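All chains are named by letter (A, B, ...) in the order of the sequence lines, taking the proteins before the strands, and each is independently numbered beginning at 1. Every value quoted in this text rests on a predicted model; they were computed, and no experiment measured them.
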Amino acid sequence: MPMTLFSNLIRPSRRPLTGSRAFIALASILALTISVCAQAITISDNRGEHEFAQTPQRVIALNWSMAENLVELGVTPIGVADIKGYQEWVVRPQLADSITDVGTRSEPNLERIAALQPDVILLSSMQEGMVEKLEQVAPVLFFDSFRADHDNFDVSRQIFLQLARLFEKETTAKQKLDAMDARFGELQAQLKAHYHGNLPKVAAVRFTTPSVLRIFGDNSMAQAAMAKLGLQPALPQSANQWGITQKKVTDLGRIKDGVVIYIEPFEQADDLFSTPLWRAMPFVRGERFAAARSTWTYGGPLSVQYLAESITDALLTLTP
Amino acid sequence: MRRYLVTLALLPALLFAYLQLSSPPPLSVQWTLLSGGAAIEFEDFQFFYATLPRAVLALLVGGAMGLVGSLLQQITQNRLLSPMTLGAASGAWLALVCASVWAPALMANYGAWIAMAGASLSVTLVLLIAGSGGLAGLPVVLAGMAVNILLGAAASAIVLLNDQYARNLFIWGAGDLTQTDWNWVVWLAPKLSIALLILLFAHRPLTLLRLGEAGARGRGMGVFATLALLLPAALWLVACSITAVGVISFIGLLTPNLARALGARRAGDELAYSLLLGGLLLLATDAIAVLASQWTTDLVPSGAAAALIGAPGLIWFTRRKLTAADHSSLQLPAGVMKLSKTALIMLALAVPATAAIALLWSPEGAGSVSWRFGWPSDLVFSLRWPRIVTAAAAGGGMALTGVILQRLIRNPLASPDILGMSAGASLTLVLSVLAFGGSIYQAGPLIAFAGSLGVLLLLLLLGRRHHYAPGVMVLTGISLAALIDALVRFALAKGSDSAYSILGWMAGSTYQTTDGKAWLLLTGVIVLATLCALCSRWLTLISAGDQIALARGLNVKRARLALLFLASLACALVTAVMGPVAFVGLLAPHMAAMLGARKAPQQLLLAILLGALLMILSDWLGRTLLYPAQMPAGAIASLLGGGYFIYLLTRRRAA
């Protein structure tokens, strides 16, 4: 019955709709809409609202932060871009061995993605250009997680919750986020105890060469982690898309009484740390310098927890 | 003498100003530090271990580059020669990228030697290609350009496939003088001491060389013996400098030209003055980079600053002083004299056949990969065909541009990439992305067209005086290409991902094409090719010489303008849709000629077919070879085309 009604509505009917027929049509459309609404999941991404009739089963993540979010939610994607790179740079949380590599993040293989027959494809910042193409294959959700004009950490939480709704993992998500907030409190308490309530200012950096580094400033995930720990930035940088600013190593000399934490890896560490200039840095002289273990700095909300943990561990190695 | 006095007076003044740029300690403390006093405050350490070594390094590297530039230009009597135009930088860059991706441990310990090996190999390659006869004129510059494009494409492809590993290299690639100790100065200074030997002993053979090869031999000096001694010395200086501070172009090219313009005439005078001037120039450039870094709060690499100042400077200084040798062209193997019907038919069949293979044959599967030949599903078909059409149209469009340019400029090496037309289009696209953000794929063809038209206008402006001499054209191309390179590396050094997408776009990929873009490009190229075929008589006449064309009643000026306009339109269209595509515009017309297409319409048709064939093939290889990862078609085309080009050039030498 609904089928014929639909075809009537779609094709211009030769017979005029009589009053009773029109009423039946209207009523059944209404009923249909209501029943769809009860089932459908509406997800809003950066392009607008998307309706999913049911929870997608086969998911492909073309961005590491999206893959990370899925794993945290307990959803195993069928495909992820550049898995080798993920294992090297993101590390935590681990990807299951069953996941198929779908090529590079900048140009993932559309044909292999199509062959995997996904129910939904997840994209993130810098991948907007692929949306149109990928929509030929499956529904696409594009979350522009890193932008200069929003709070990256806040938005990453919202994205995490949106994904949780889509995959019906809202309880898991809430638990994880609550646990994360509790963990922040724990870590802060540890730091406060260690520093006798007087937390130092901290600059979180990543070295690129022995003479150049990136400082994590406003809107970076590292600074979000620091804020949750109650740490003030020692060398504040204005916000930008990824929250990173490139600086000369010597610029760190401006930090008079703060702590510097660098995120590993830094292969040329010996080249820099043995120089007289480095040893003359106020924070090196004052032994307020430590390494934080390798953690992804452009991930989802849970990566902020891992950052907070590694930064705390690094800070706990220093004598206050 | 006055020149030396003024320069020598400028040097300490500039040095003093330079040292006061970045939060220096009080002057009295500076003096104590310089005379051996111990550093106490952090500012003292910064002054003594960062600012001071940076200044010294700038002087050392600048001086070495100036000297090498002068040496190379005097040996070859070619004012366009420099470490950059000889391909040293791109060789070093490729070697470092390879090492950091595949042997990071080796890279950390022996980076210097790896860069040196790369630079030496690439320069040797360029010299081999040009041969001793080609050193004086454009051939060596063009060979250098070709090697630059080839090695650059290889490096980009590797970076694109291994992005996270190679990122830290970009700062070195952008040429940064930032120092944190005296290590590099201590490493570099003794290695540069060979410069003193050059200063002491090179002026005599160089003076003799000015008499010409025959004259020099008459006085008992073999040109080859001199080259064999001086060239490795020059190469050594370049390789050491590149290793220490990365890619700083233009100083070596610009300094000797500036020295001559300021009155350095004798061989020894030019060498010594270039050394002095080079140091001064790099120090001044670096001061600008330091100031810009403070002003923008982001790091501005010295290399980017040098290119921004050097590119226009280069055009300015050399535009009037082109020698006859700059106009000499390079002969490539000639091939058969007459086009055979079989070749034409075979080629006409090969294009659809390759397109069919590209459409039907591909690795498939998610877990285990297997090659499958057969009609693809509707979905896969709709994913594949726009790429194949785009690749074919892009190849045809570049070939069309190449035929027009080679016939107009009467040089077999004229092509959109070497003349800077693609570079102009890329420059405006990259600039628009850097200025307004967003994705380069959405920047659109109009911006690209503005760029290649801009270059065209520049070429016309500069070229009018020289009757569109190849020298001027190539100069513009080199300058623009280096400028873009510096800009892209600057953007990449900032570490933002939009810069990274620029790199992907620069490699020339069909990935981002859409149905609409594919049709637009195809229609555009067909329309332009038809227009060009209609004016093929102009092409025939102009390539026979302006006099003949004039005698046959052709308005050469207008015809040339119209054809150049056509060429830049085709180039902009291709560049906007799939990025700068190198080598196709250079090789397709030449291969057509080798197959015997001597007449303009024949060459046009054949070149377009060949261009399309090469690009379809490149795109297919790029999609399938590393499945599921993909290589941009432009990078594969550069590798195929560049390899073939070098093979052609070496065959020319053997013949």
Side-chain angles (χ1 to χ4, degrees), chain A residues 78-79 82 85 88-89 100-116 125-126 128-130 132-133 136-137 146 148 207-212 214 237-238 240-242 244-250 253-254 256 267-268 271-272 274-282 285, chain B residues 22-23 39 42-46 48-51 104-105 107-108 160-164 167-168 171-172 176 178-181 183 293 297-299 362 364-367 376-377 379-380 382-384 437 439 441-442 493-498 500-501 504 509 511-512 514 623 627-630 632:
Chain A
I78 49 167
D82 194 2
E88 195 108 5
W89 294 92
T100 307
D101 194 323
V102 291
T104 60
R105 286 172 296 164
S106 47
E107 294 197 352
N109 193 310
L110 297 172
E111 293 181 21
R112 180 171 262 195
I113 291 171
L116 286 170
S125 297
M126 297 312 300
E128 193 172 7
M130 298 173 202
E132 202 185 317
K133 290 199 151 258
Q136 293 175 268
V137 179
F146 287 85
F207 290 101
T208 43
T209 71
S211 52
V212 177
R214 285 177 193 154
Q237 301 294 326
S238 53
N240 55 38
Q241 186 185 5
W242 305 90
I244 50 173
T245 305
Q246 192 136 282
K247 288 280 182 193
K248 288 181 287 184
V249 163
T250 47
R254 276 187 268 145
K256 294 302 172 209
E267 301 213 343
Q268 294 150 295
D271 289 352
L272 174 64
S274 60
T275 61
L277 178 73
W278 181 257
R279 278 181 271 138
M281 295 271 181
R285 282 179 170 175
Chain B
S22 27
S23 52
F42 176 71
E43 280 73 26
D44 308 353
F45 280 93
Q46 183 174 344
F48 193 75
Y49 290 102
T51 316
M107 174 68 200
L160 284 170
L161 287 171
N162 302 278
D163 53 3
Q164 291 287 347
R167 283 186 184 202
N168 294 351
I171 294 166
W172 180 89
D176 191 48
T178 310
Q179 298 299 306
T180 47
D181 55 24
N183 277 351
S293 298
T297 74
D298 225 322
L299 191 86
S362 166
E364 268 190 13
S377 68
L379 178 60
V380 172
S382 71
L383 291 174
R384 277 183 198 166
S439 161
Y441 295 100
Q442 279 136 21
K494 278 179 76 171
S496 78
D497 276 29
S498 58
Y500 189 69
S501 84
S509 167
Y511 189 86
Q512 302 272 355
T514 58
R623 275 190 292 129
Y627 184 89
Q630 314 203 9

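With a threshold of 4.5 angstrom between heavy atoms, B:T51 does not approach chain A through any atom at all. Heavy-atom distances place no part of A:I113 under 4.5 Å from chain B, backbone and side chain included. Only the side chain of A:R285 comes within less than 4.5 Å of a heavy atom of chain B; its backbone N, CA, C and O stay farther away.
Scanning all heavy atoms of the two residues, the minimum distance from A:K133 to B:Q512 falls at CE-C, 4.1 Å. Taking both residues in full, the closest heavy atoms of A:A280 and B:F42 are given as O-CD1, 3.5 Å, listed atom of the first, atom of the second, then distance.
With 3.5 Å as the limit, one finds no donor-acceptor pair spanning the side chains of B:T514 and A:E132.
Between A:R112 and B:Y627 there is a side-chain heavy-atom pair separated by less than 4.5 Å. For the pair A:W278 and B:T180, the minimum side-chain heavy-atom distance is 4.5 Å or more.
Among the candidates A:T104, A:L272, A:T250, the residue making the largest number of heavy-atom pairs closer than 4.5 Å to chain B is A:T250. Of the listed residues (A:L110, A:I78, A:V102), the one with the most heavy-atom contacts under 4.5 Å to chain B is A:L110. When each of B:R384, B:E43, B:R623 is scored by its heavy-atom pairs under 4.5 Å with chain A, the top score falls to B:R384.
Atoms CD and CE, from B:Q46 and A:M281 in turn, are 7.5 Å apart once rounded to the nearest 0.5 Å.
Between the side chain of B:Y511 and the backbone N or O of A:P108, at least one donor-acceptor pair lies under 3.5 Å.
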